[in-house]
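All heavy atoms count here, side chains included; hydrogens, waters and symmetry mates do not.
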Amino acid sequence: VQLQAFGGGLVQAGGSLRLSCVASGSNLTFRYMGWYRQAPGKERELVAGISAGGSTNYPDSVKGRFTIVRDRAKNSLYLQMNSLKPEDTAVYYCRADSGWTWWGRGTLVTVSS
């Protein structure tokens with residue numbers, strides 16, 4: 001399984017970005033998919049997760065601003081990020097679980113103040 005994340009970039013505070021992650025190399029139905037981020041000097045943290053049944057979870061830091069969407073037909077995962085803040089600056093990774101855990105390579109999001 002390979003996960004390819006893209007859609008990062010530079011955006012001003014208050015702006016929006018949409019990240020995409022495409023899974024290839026398998027027809028697995030992932031039990032869980034999620035977006036994580038890692039800022040310089042900090043640990044990787046959950047941004048948004050979605051189960052196979054469609055249940056989602058977000059940390060308080062992004063709740064109401066970020067939305068995770070899963071498209072099973074396209075084997076893809078998306079993260080709509082609105083009202084971005086400078087503290088959202090990080091490398092964003094997608095993750096997929098199905099017994100094993102796979103990580104994408106990450107895409108950089110930079111939010112300028």
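- Of all heavy-atom pairs between Val91 and Gly106, the closest is CG1-CA, 3.8 Å.
- With hydrogens and angles left out, the side-chain atoms of Arg44 and Tyr36 include no donor and acceptor closer than 3.5 Å.
- No side-chain donor-acceptor contact under 3.5 Å links Thr89 to the backbone of Glu87.
- For the pair Met81/Val109, a side-chain contact is recorded, criterion being any heavy-atom separation below 4.5 Å from C-beta on.
- The same ILVMFWY cluster, assembled from side-chain heavy atoms under 4.5 Å apart, contains both Trp102 and Trp35.
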Please tabulate, one pair per line, all N/O donor-acceptor pairs under 3.5 Å involving side-chain atoms of residues 4-21, not counting sequence neighbours.
| unit_1 | atom_1 | unit_2 | atom_2 | d |
| --- | --- | --- | --- | --- |
| Ser16 | OG | Asn82 | OD1 | 2.9 |

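- The two residues Arg65 and Ser83 come nearest to each other via the heavy atoms NH1-O, 2.9 Å.
- Across all their heavy atoms, Ser61 and Arg37 have their closest contact at OG-NH2, 3.8 Å.
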Side-chain donor-acceptor distances from residues 47-59 under 3.5 Å, at least two apart:
| unit_1 | atom_1 | unit_2 | atom_2 | d |
| --- | --- | --- | --- | --- |
| Ser51 | OG | Gly53 | N | 3.3 |
| Ser51 | OG | Gly54 | N | 3.3 |
| Ser51 | OG | Ser55 | N | 3.1 |
| Tyr58 | OH | Ile68 | N | 2.9 |

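- The side-chain contact (heavy atoms from CB on, under 4.5 Å) search around Asn75 returns Ala23, Phe30, not counting sequence neighbours.
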- Message: Walk me through whether Tyr93 and Leu3 qualify under side-chain contact (heavy atoms from CB on, under 4.5 Å).
- Response: CA-CA 9 Å; Tyr93 300 88; Leu3 301 176; over 6 Å; no
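- Within the structure, disulfide bond (SG atoms under 2.5 Å apart) pairs that include any residue of residues 41-86 do not occur (at least two apart or interchain).
- Salt bridge present: Lys63 and Asp60 bring a charged side-chain N and a carboxylate O closer than 4.0 Å.
- Residues Thr29 and Arg72 have side chains in contact (heavy-atom distance under 4.5 Å, counting atoms from C-beta outward).
- Put simply, the side chain of Tyr32 reaches to within 4.5 Å of the side chain of Arg95, judged on heavy atoms.
- Across Tyr92 and Ala90, no two heavy atoms sit closer than the pair CD1-O, 3.3 Å.
- Crowding of Gln38 atom CD: a count of heavy atoms from other residues, nucleotides or ligands under 6.0 Å exceeding 12.
- Identified under the disulfide bond (SG atoms under 2.5 Å apart) test for residues 58-89, with sequence neighbours left out: none.
- Remark: Asp71 pairs with no residue by the salt bridge (charged side-chain N to carboxylate O under 4.0 Å, His left out) rule, at least two apart or across chains.
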